[in-house]
Amino acid sequence: MPRSEIELPYRIEYLSILDENGNLDKELEPDIPDDILVKLHREMLSGRRFDERMLNLQRQGRIGTFPPIKGQEASQLGAVATLKNSDWMVPAFREALAEFWRGKPRENFILFYGGYDEGGAVEEGRNDLPVAIPVGSQMLHAVGIGMGIQYRRKDDVVMTFFGDGATSEGDFHEALNFAGVFQAPVIFICQNNQWAISVPRSRQTHAKTLAQKALAHGLPGIQVDGNDVLAVYAAAREAVERARTGKGPTLIECFTYRMSLHTTADDPKKYRSEDEVKEWEKRDPIPRFQAYLTQKGLLTDEVVEQLEADIAQEIQGAIDRAEKLMAREVDPLDMFNHTFAELPPSLILQRQEAELDLSLRKEEDRHD
Amino acid sequence: MPRSEIELPYRIEYLSILDENGNLDKELEPDIPDDILVKLHREMLSGRRFDERMLNLQRQGRIGTFPPIKGQEASQLGAVATLKNSDWMVPAFREALAEFWRGKPRENFILFYGGYDEGGAVEEGRNDLPVAIPVGSQMLHAVGIGMGIQYRRKDDVVMTFFGDGATSEGDFHEALNFAGVFQAPVIFICQNNQWAISVPRSRQTHAKTLAQKALAHGLPGIQVDGNDVLAVYAAAREAVERARTGKGPTLIECFTYRMSLHTTADDPKKYRSEDEVKEWEKRDPIPRFQAYLTQKGLLTDEVVEQLEADIAQEIQGAIDRAEKLMAREVDPLDMFNHTFAELPPSLILQRQEAELDLSLRKEEDRHD
Amino acid sequence: MTKMTMVEALNLAMRQEMEKDDRVIILGEDVGVDGGVFRVTDSLISTFGEQRVVDTPLAESGIIGTSIGMAVYGLRPVCEIQFSGFSYYIFHQLEAHAARLRHRSQGRFHVPLVVRTPCGGGVRALEHHSESREAYYAHTPGVKMVIPSGPRNARALLVSAIRDPDPVVFFEPKALYRAFREEVPEEEESMPLGQPQLVREGDDVTIISYGAMMVPVLEAADSLKEKDGIVAEIIDLLTISPLDDTLIASSVQKTGRAVVVHEAPRSFGPGAELVARLVEKSFYYLEAPVKRVTGYDIVYPLFAREKAYMPDTGKIVQAVKETLEV
Amino acid sequence: MTKMTMVEALNLAMRQEMEKDDRVIILGEDVGVDGGVFRVTDSLISTFGEQRVVDTPLAESGIIGTSIGMAVYGLRPVCEIQFSGFSYYIFHQLEAHAARLRHRSQGRFHVPLVVRTPCGGGVRALEHHSESREAYYAHTPGVKMVIPSGPRNARALLVSAIRDPDPVVFFEPKALYRAFREEVPEEEESMPLGQPQLVREGDDVTIISYGAMMVPVLEAADSLKEKDGIVAEIIDLLTISPLDDTLIASSVQKTGRAVVVHEAPRSFGPGAELVARLVEKSFYYLEAPVKRVTGYDIVYPLFAREKAYMPDTGKIVQAVKETLEV
Ligand SMILES: Cc1ncc(C[n+]2csc(CCOP(=O)(O)OP(=O)(O)O)c2C)c(N)n1
Ligand SMILES: Cc1ncc(C[n+]2csc(CCOP(=O)(O)OP(=O)(O)O)c2C)c(N)n1
Ligand SMILES: [Mg+2]
Ligand SMILES: [Mg+2]
């Protein structure tokens, strides 16, 4: 009775399978079909190259501010690769690779960051919410979708992404707590990339890990090497399986690193050392996975070379398509289209006003 | 390296010292000065009687809705009794006893629930925030005060109270997290009275305890028998000591029970069984503590009898003073006094308008 | 037809929509076994079960956030925020997501949810339990803001709100919950959102109001007619936003004078928009300045001073007379 | 005097207040080492240290909630919310506590905090980074709402906001952060809150605006004068709430005509209050309906359509002409 320890159902674990030196834990090596392995590699590489091109476009002023992904390829793709098509995905704003995996056309990314609302469109059949910029707010939507799935007695699951910074927002906890109470089929993937703009993970919380935040809500939590696509995949697959079989939600902390800028408006030199970045470059998720696949006989240097060429072309195609769309004159009045299902009278009037204004402008332009 | 458990710095403990059958754990019995013990008992009893009188007043329509305390006397007073005068206290809305201990005049309670803003006044020198009704919102203020104390290098501490329901609000987690990051001298006292209006603790969260929510933020957490004033006092004293010596915040879950209504507008028969209430009546914090003090030779039946008489008189005094104030005609224009330090021009006009309106009314009344 | 209180009428609306449409789900604090602290969801749980009447943890952002997810998934969540004074906890979710997901996804998703919440004063309540801040929601693009004024229109508007494909904030004037009964048909009845109603015809002045204030407005109109021979035309907004000002314009173009009444604080309140619309569309018909009878720009006082704070019949009568005298 | 950008001027205000008053503390996301995402708090941390320039966890409610505690304790927190589009996360704390603790404690406590946050559009930003929702705060009793329009008044108003004994929401038009420089005196300068400013005299029409819209307003006035011989009187509100309408009234009583300009959505926006005040106090002087040139009641579009959304010189000129033609 007196002063005694309370037994909690969960302990926090750490999982790593393929480390930065190429050491593989054979026991833990997950059984992943070859085509998935190859596709994972291809998408990781393609993501890296896409990032590089976008940085270029942004520097040339051809698109606006965007958040690069560099370094987080494994933790996004390892997670999302465990989903079925009918499952749902609820991203934050740095998960473009996960969105591409799910079928989002790359040109939509370019349109979106080029300032075109059209880029936010979600194609029919892809069960993903669009980008959510307000930090920490989207996980609750995932839980609501999960509750919907339960209500409809489907065996789909929902995966939601967020950063280390997001775990400080109250909404994050409300989401975990609702998921726990309703045992909703949700997989919470925390992309702990060590930084929330200039604020390091150590300043974000006094907790030793982010995974342990699951304990507050009676959920299992695990920390994985987020630069090890095998570990991410294995942990996600386990969590997806648990959710799909009615055993409730899981929190996965992917321990990774934002190797690039927060966004193109950011200057990381102000707040972190080059050394830190260099250290993390050694842990880059792509080379170790490439070495693993090469060893497995699934890749050769020639294949990679060809891949690079294909990827470059693919990206160029997306850019061309996006720029073609952006070169066309847009109808600014489209901005009235999606406020409500139907335009109410007051907005019909405002739309007319905008239309009149635009036509006056055109006239003026003609006269100038 | 592979799949391994992560060692966390804290485990969750349970503390009970004097149980409902009067069993005392001698080893853990805290060393509390006799005068404090006697005062604790007096205030617990006085709180119980005050509650009863207020329920009467409310049923007679002499005051409005209020939240009774019955059953939570030990967990409020055991905690607050460990504070110094210069420490700060940040209550929710059910901590009237803690407020009385700190020096709030009982008549202010009556005024407040009688609809008089005057009842919210906090006397100079008492470092307590007023009642906070929006659930979960006040703990952050405690953390801010704690950060202020740190900034001024004082050795004061802050104690904040909240219910089991409040632990579901995001703000609760933001407060624990800030307290952890800044190691602010805050003691978080969760009054887990098992119910948030009609929602039972089990529905509030999937976590086994509320104390374990501390783990999410890297803080020590402990669950205590909240009906055992000795256990509450011991745990709070430890936490206060930790905070005062710069060792940071603590979360204490007082496991107690709301024996009465949520508020006087509530009907608990709709959602909980009489049996449950009966079970908890056996664990009433007052009789066991009274027996303990009697055994210790600090109380006799006669003393208790005298105490009851004194308390009744004291309460009557508070009621008389409050009702005298309420019988006086209030100046409704006082409502303009405390929006800003100074009335801005637009409010001066509105105040004049209200004044004119009131004088027209008086005139009309005279003519009727 | 049965005579119902507003509480009963709202309950009927939800019950019938739930019977007809299995997408309709109730969520909130104490909405289940307890039936809501005002009993608006009373006994729905016994008919529809815990899957459809969901007692949530105590977290408003959680309630609205999960409701947004459900709505996107294809359900029709009707969530209750226990008092509108606590609805600010949901504001970021409402503004950032409920109001925008249709736009952000370019029409792929929409968020057909209803936020029901009791609003307004006059019931001798605690702090935060008497406020009227409909203007916050009315100023938020992508959200509809509705406030009924009696059992019958409450029922009919709630039905429409539930069926609406976009998010609706539905303020229920708690002072009216049990203030009076009205005939409410058992058979289905709905009322389009976005249409103010002409409640009484008159030629001398137009009084525009909504919600609980309709009671003193009608009393004032009675008194004005009886004692002063002034016949007021009365408009009940019902939908605050998107505001259709057609009816208001035509009425004031007839009467030439208007008084606006609401409990909300005056400055930057709903009344300002009404005045602005009248000026925009009916300026040349206005024969006197439009008066606003409203709450003051102060913290809502506890109930000993509540009467002095609230607009009432006397203040409305006075304002109308001033509007006519000039 | 040095020529400064608004960013530099705001930085100067904080630096000098921090030097003079050790109660002044900065809190927010990235305000420390990074100096704020717009560099408004640049290098304050190197002068004043981590105790006074506090990088917080990523939690807006946490920032404002702890600031309220600090303010009650006797400090003067100046907290930054990274974009006003995320300020709704703090709304419940602001409304329920910052705005009310003075009243609730009957004057024992007060909450002298400043919430600085960049507002407004025109910078080709992402979603949630271009909104103007000052009306939410303006409609909240107990809170002051300030929006400067240039480096010099930004500095002087921020100084007053920091010294003010009550909570001030201080919107910084991000389009103006580096748009132009102004002479800003090194020596202390403050400007009282609550006083609109007459920026330019004129007889034909009064244009009332604030914040970033002052730029197109002044341009429009130039163009009107040059091309059409119309001389506009221009008022810059500076403090949105509590709104002192004395200057507005006297101006419009002279000109008889007014145009109101803001980026915020029109309906239930700040402009409505201006119209209502004019009607209340200056109705008989008005010779034409007051026009509102504003954002539309829609979700703010991404930047390809931003120009069409925003009020600009052309729209203002047009509105003034229409106001004068009638
Ligand atoms: C509620 C909110 N506050 C602030 C911001 C500005 N902001 C954008 S991203 C970011 C940091 C996010 O950090 P993290 O969650 O770790 O994600 P990461 O950027 O590292 O992917 C901040 C502060 C925002 N978008 N939303
Ligand atoms: C933010 C908010 N939501 C809802 C309410 C209405 N309400 C008042 S007390 C209460 C339950 C609180 O439960 P708990 O935190 O356990 O405290 P207890 O009442 O048991 O002392 C609720 C829902 C409120 N006051 N604030
Ligand atoms: Mg991060
Ligand atoms: Mg409780």
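Contacts with chain B were tallied for D:D164, D:V143, D:I64; D:V143 has the most, counting heavy-atom pairs under 4.5 Å. Listed options D:G194, D:S105, D:G74, D:P242 were ranked by heavy-atom pairs under 4.5 angstrom with chain B; first place goes to D:S105. The greatest number of non-hydrogen atom pairs below 4.5 Å with chain B, out of D:M70, D:H97, D:Q51, is found for D:H97. The candidate with the highest count of non-hydrogen atom pairs below 4.5 Å against chain D, out of B:I149, B:V158, B:N127, is B:I149. Most heavy-atom pairs under 4.5 Å with chain D, from the set B:S137, B:G119, B:P345: that is B:S137. Most heavy-atom pairs under 4.5 Å with chain B, from the set D:L243, D:I25, D:L101, D:D245: that is D:I25. Between chain D and the options B:M335, B:E123, B:M139, heavy-atom pairs under 4.5 Å are most frequent for B:E123.
Contact detail for B:D128 and D:F109: the closest heavy-atom pair is O-CE1, 3.2 Å. Across all non-hydrogen atoms, the minimal contact from B:S346 to D:R277 is CB-NH2, 4.1 Å. Between D:D55 and B:F182, the shortest heavy-atom distance links the atoms O-CZ, 3.8 Å. Smallest separation of non-hydrogen atoms from D:T66 and B:F178: CG2-CD2, 3.7 Å. Nearest heavy atoms, D:P57 versus B:V181: CG-CG2, 3.9 Å. When all heavy atoms of D:D166 and B:T339 are compared, the pair lying nearest together is OD1-O, 4.4 Å.
Annotation: salt bridge (Lys or Arg N to Asp or Glu O under 4.0 Å) contacts involving residues 92-101 of chain D, sequence neighbours excluded, comprise C:E127-D:R100, C:E131-D:R100, C:R133-D:E95, D:E95-D:R100.
B:M147 is not listed as a side-chain neighbour of D:Y73, based on a closest heavy-atom distance of 4.5 Å or more. The shortest side-chain heavy-atom distance between B:L140 and D:I68 does not fall under the 4.5 Å cut-off. When side chains are defined from C-beta on, D:D22 counts as touching B:R152, because their heavy atoms get closer than 4.5 Å. Taking the side chain as every heavy atom from C-beta outward, B:D117 and D:Q106 approach each other to under 4.5 Å. B:L349 is listed as a side-chain neighbour of D:K281, based on a closest heavy-atom distance under 4.5 Å. Looking at heavy atoms from C-beta onward, B:Y151 lies in side-chain contact with D:R52 at the 4.5 angstrom threshold.
B:Y10 OH: more than 12 foreign heavy atoms inside a 6.0 Å radius. Counting non-hydrogen atoms of other residues, nucleotides and ligands closer than 6.0 Å to NZ of B:K154 gives a total of 12 or fewer. The local environment of CD in B:E342 is sparse, with at most 12 non-hydrogen atoms from other residues, nucleotides or ligands closer than 6.0 Å.
With a 4.5 Å cut-off on non-hydrogen atoms, D:T246 does not touch chain B at all. Heavy atoms closer than 4.5 Å to chain D are found in the backbone of B:V131, but not in its side chain. No part of B:Q150 comes within reach of chain D, as not one of its non-hydrogen atoms sits under 4.5 angstrom from that chain. Contacts of B:V122 with chain D are made by both backbone and side-chain atoms, with heavy-atom separations under 4.5 Å. Within the 4.5 angstrom heavy-atom criterion, no atom of B:N108 approaches chain D. Interface residue D:V54: only side-chain heavy atoms are found under 4.5 Å from chain B.
Looking only at distances, no side-chain donor or acceptor of B:D171 sits under 3.5 Å from a matching main-chain atom of D:S61. No donor-acceptor pair closer than 3.5 Å links the side chain of D:R108 to the backbone N or O of B:A121. With hydrogens and angles disregarded, a donor-acceptor distance shorter than 3.5 Å links the side chain of B:E174 to the backbone of D:G62.
Atom CG in B:N337 sits 11.0 Å away from atom CZ in D:R102 (nearest 0.5 Å).
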